[in-house]
Amino acid sequence: MQVQFELNGEAVITDVEPRTTLADCIRDGLRKTGTHVGCEHGVCGACTVLINGDAVRACLVLAVQVQGDKVVTIEGLSGDELSPLQVAFRKHHALQCGFCTPGFITTAHALLTNEPNVNEERVRDVLSGNLCRCTGYIPIVEAVLDARIHYARGEE
Amino acid sequence: MKASNSYIGRPMDRVEDLRMVRGRGTYVADVNRPDQLYGVILRSSVAHGKIRSIDFTRALELPGVKLVLTAADLGATVPRIPVRLQPLPELEPFRQPMLADRKVRYVGEPIAVVIAESAAIAEDALEHIDLDIERLPAITNREQVEAAASVLFEDHGSNTAITWKALLGDADAAFKTADYVRRERFQIQRHTAMFMEPRGFVAEWDAEAAKLTVWGAAKLAWHNRRVLAAALGLDEDAVNLVEVDVGGGFGSRGEFYPEDYLIPAAAKIMQRPVKWTEDRREHMMSSNHAREIECNVEIAVSRDGRFLGLRGQIWADIGAYLRTNGSMGPRNVAQFMSGPYCFGNVDLKCSMLTTNKTPSGSYRGPGRFETDFIRERLIDIVARELKIDRLELRRRNLVADSQMPYRLPFITPSDSSNELDSGDYHAVFERCLKEFGWEERSKLRGKLVDGYYHGLGIGSFIEGGAAGPKEDARLVLETDGSLSVYLGSSAIGQGLETIMAQIAADATELPFEKITVNHGSTSHVKDGYGSYHSRSTVMGGSSILLAGEKLKELIRETAAKRFNCGPAEILIDGEQVSYAGNHLSLSKLSAVPLEVEASFYNTKHTWAYGTQAAHVAVDPGTGEVKVVDYLSVEDVGRMINPLTLHGQAIGAIVQGLGGALLEHLVYDTEGQLLTGSFADYLLPTASDFPNIRSITLELKPCPNNPLGAKGAGEGGVIPVGGVIGNAVADALFHLNVQPLELPLSPPRIWELIEEAHQQQLGSS
Ligand code: FES
Ligand code: FES
């Protein structure tokens, strides 16, 4: 089947089997490997991408379902300069192996875009849908709180 | 060490982060080769049985299916995975075949490999393989081992593999004369590393050059290359294992598993690259499990609270086969039960039981997490019964600085012994109490506040690290003046590239930014040992220090020729060399790269140590345990990067809290794994443990390596079970609830509270 959508600002048309997940489509078909797959059953959050601005688990969505949508992956949130969230993650040592990181950054980006003044409890609550086995989460929460100011100022 | 640079000890931001935060890391699932095929493993759904037949004709008929490999294709004797650590001859019979050989012994055991044009086709093909397995009674716990309804290894004849013994002094004599003896039964649940990136490989056979390349190595590339080359009948030089970014290891990833052989073997047969990645359910039934033990342990104490002896029997459930490091946990449980305390007399046995469950291996702090739960809980029980303050009891028995080096029990059948190298255990203990605010918090002990009972727990620990025998480093001063470091250590998410660049910068006096660290791939140095037993910083780092000295000599010699002077007259000054007022940039020094190699040898382990304290609040209505505050204080001798070390400590503590409160790999009595997804196997999440602190000290540098560093990175996890168990007991002191089993899940705590209520009713 053919599916057409916008990936990181560019129009893509690609052929997929009806059963292909968006995660597999992005990673294997379109070779954007920043979106990681840690469980394929919707719990770890490593595969989180933005669909029309919402944080969504790409392993739970079929590629054919994003027809006409705007999809943004970690690559789409990254440029030559690190973004405020990326700077904060580095500064707070919010990653060790880095496997969960793209999923945390996409999730946090969606959160801060909608709620730039979010409090710690809400950050923890939202991030509790993503698993990290290395950091113990404390630095991740600190990093997200630290990046808030840039979203409040509209500098993200 | 004289150095004008001082990167060591600084919280340098990590170089790795620059690619990882942008999604530009390369993990093994991100590696693709032209024309690659995909492998999928057919795994046993039966825990114990005899394979009568495997019929895959229908699978081969599916379009796109290229190959089905079974044990029959692996030669007259199916190759088995060698035991890496403690390879005793008596353990040989329990090694795992690369594919199930006439029998299946656990759910998840590889029976066949299907290779196809896509992973989806290969998965479809699994449905078309007809298996006939004659079921045998499954052995899943100690009762079934003792009832011996069946044995896993008929030739061996029993489900007990071997028994480790830890011996010191004369325990029986000590118990005979002791004022007080206390015996308890403890149990720790099966749980494991559960790193986030599933395992995977991409293997490619270059027929023309007769060379095999395998992407996806971790932890032990050189060792695994030897094993793989031998199993495939190739020269070591014909095999290159490549380490890309690795999504967490914690002792489990990078050991040699059947797939380490199967995927390269398939690539060689197909003459095309083959890629395989496991899914999470597969991971849960195929990667090493860990920690499952049960024991009866006795402690002997004098009236004034001196520990006199430890004695007991431990049973470690190792699962269906002895994996590469399957002995470490069971051995360590016996060896380290005395921990940082003087016991004088020890007689502990640990029997390894084979069961129809996934084989087990090391997980961060192997054996130590388990044994610390047992010991620290016993100490608190003794304190309660002898009416001695539990802090005081520990003070009376912690090994003193003046007793260093302090001998640990002798271990058989490996006939090995070990001694603690250095440390001020008392100072760290007091520091932990002070930083934690123990006295102030004590006012809350046993109090019911807003529906929660409050309690405090404490425990001290030792962390062995820096296993020998050696590590290799190669330094290359490139012609542009930059420095390439090639290392036998392996990166498993611990920030190795940054830490090693810091050490290299100090060793060579070159700027940090000019250094690239290459690690973990077998093409980099002749030999390498890898990253396990908290050894990379000490072993890899020390080898860089030695290589740095050699490189500076070579730079001086080279410059001396240019300036026509003696090497000793050359001054190395950052990125240039000078002689008598003349300067020459390192980028102009030589037309060819300057290269040196050095090895650091070490036979002595390092012993980091520390104390942890917890403040918990227990809801008696639901059994929920809230961690109000948690503090770890550890002395690591010398810190290379406080930022990454702190990260390791916090991460390890949270893993320990997972093991203490949440995580459990559950089997039914048929040997079916009931926890095959993250919905059933509960990992800590961001909202579970918000209050955790860690303080790292540099009190006692390690006397046995030039860095003075002690292996650290596992320590945080070690005492957590004991500390939390003690805090829960303290909160429920009035009920005399004594947690003796992990995990302390809400239903378990609720049951303990109910039992205590019943007992109180019965006795009143
Ligand atoms: S891979 Fe999608 S949630 Fe885990
Ligand atoms: S940094 Fe390794 S899983 Fe999060």
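Lettering follows sequence order; numbering is per chain, from 1. Values below: every heavy atom of this structure, side chains too, minus hydrogens, waters and symmetry copies.
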Ranking B/Gly248, B/Gly25, B/Pro198 by heavy-atom pairs under 4.5 Å to chain A gives rank one to B/Pro198
Closest-packed option against chain B by number of heavy-atom pairs under 4.5 Å, given A/Arg27, A/Glu120, A/His92 | A/Arg27
Which atoms of B/Gln648 come close to chain A, meaning under 4.5 Å heavy atom to heavy atom: side chain ones, backbone ones, both, or neither?
-> both
For residues A/Arg133 and B/Gln655, determine if any side-chain heavy atom of one lies less than 4.5 Å from a side-chain heavy atom of the other.
-> yes
Report, as yes or no, whether the 6.0 Å neighbourhood of atom CD on A/Glu81 holds more than 12 heavy atoms from other residues, nucleotides or ligands.
-> no
Can you tell if the side chain of B/Met196 reaches within under 4.5 Å of the side chain of A/Cys132, non-hydrogen atoms only?
-> no
From CZ (B/Phe250) to SG (A/Cys97), nearest 0.5 Å = 6.5 Å
Looking only at heavy atoms, the pair that brings B/Tyr27 and A/Gly98 closest together is OH-C, 3.1 Å
Is there a donor-acceptor pair closer than 3.5 Å between any side-chain N or O of A/Arg90 and the backbone N or O of B/Asp17?
-> no
Presence of salt bridge, A/Lys32 and B/Asp30, under 4.0 angstrom | no
State whether the side chain of B/Glu197 and the backbone N or O of A/Phe99 hold a donor-acceptor pair below 3.5 Å, judged by distance alone.
-> no
With only heavy atoms counted, which part of B/Val15 is less than 4.5 Å from chain A, the side chain, the backbone, both or neither?
-> backbone
Counting heavy-atom pairs under 4.5 Å to chain A, which of B/Ala679, B/Pro11, B/Ala120 comes out on top?
-> B/Ala120
Quick check: are there more than 12 heavy atoms from other residues, nucleotides or ligands sitting under 6.0 Å from CD of A/Gln67?
-> yes
Side chain, backbone, both or neither of B/Arg24 within contact of chain A (heavy atoms, under 4.5 Å) | side chain
Output the option from A/Asp125, A/Ile74, A/Ile105, A/Leu127 having the highest count of non-hydrogen pairs under 4.5 Å with chain B.
-> A/Ile74
Chain A contact via B/Thr277 - which portion, at a heavy-atom distance below 4.5 Å | neither
Atom CD of A/Glu10 with >12 non-hydrogen neighbours under 6.0 angstrom | no
Taking every heavy-atom pair that is under 4.5 Å apart, which of A/Leu131, A/Thr73, A/Val123, A/Thr135 has the most such pairs with chain B?
-> A/Leu131
Without swapping roles, check the side chain of A/Tyr137 against the backbone of B/Pro684 for a donor-acceptor pair under 3.5 Å.
-> yes
Who wins among B/Ala652, B/Ala686, B/Gly23 for the most heavy-atom pairs under 4.5 Å with chain A?
-> B/Ala686
Using a cut-off of under 4.5 Å on heavy-atom pairs, state which of B/Glu663, B/Arg281, B/His283 scores highest against chain A.
-> B/Glu663
Heavy-atom pairs under 4.5 Å with chain B are the metric here; pick the option from A/Gly34, A/Pro102, A/Cys39 that has the most.
-> A/Cys39
Where on A/Gln86 is there a heavy atom nearer than 4.5 Å to chain B: the side chain, the backbone, both, or neither?
-> both
Best-contacting candidate, A/Thr101, A/Leu85, A/Leu82, A/Val141, against chain B by heavy atom pairs under 4.5 angstrom = A/Leu82
Portion of A/Lys91 that has a non-hydrogen atom of chain B nearer than 4.5 angstrom = backbone
Tell me, side chain or backbone of B/Val21 under 4.5 Å from chain A's heavy atoms, or both, or neither?
-> both
How close do B/Gly647 and A/Gln96 get, heavy atom to heavy atom, and via which atoms?
-> O-NE2, 3.0 Å
Checking heavy atoms, do the side chain of B/Ala649, its backbone, both or neither come under 4.5 Å from chain A?
-> neither
So what's closer than 4.5 Å to chain A heavy atoms on B/Asp279: side chain, backbone, both or neither?
-> both
If you tally heavy-atom pairs under 4.5 Å between each of B/Gly495, B/Ser677, B/Ala491 and chain A, the highest tally belongs to B/Ser677
Give, as side chain, backbone, both or neither, the part of B/Asn32 having an atom under 4.5 angstrom from any heavy atom of chain A.
-> side chain
Give the member of A/Asn130, A/Ile140, A/Leu95, A/Thr20 that has the highest number of heavy-atom pairs under 4.5 Å with chain B.
-> A/Leu95
With only heavy atoms counted, which part of B/Phe689 is less than 4.5 Å from chain A, the side chain, the backbone, both or neither?
-> backbone
Could you tell me which portion of A/Val37 (side chain, backbone, both or neither) has an atom closer than 4.5 angstrom to a non-hydrogen atom of chain B?
-> backbone
Given the rule in the side chain to side chain contact (heavy atoms under 4.5 Å, CB included) test, do B/Arg280 and A/His41 qualify, once you have shown the distances and angles that lead to the verdict?
-> CA-CA 8 Å; B/Arg280 186 53 59 178; A/His41 53 252; 3.8 Å; yes
Pick from B/Val654, B/Asp13, B/Ile650: which one has the most heavy-atom pairs with chain A under 4.5 Å?
-> B/Asp13
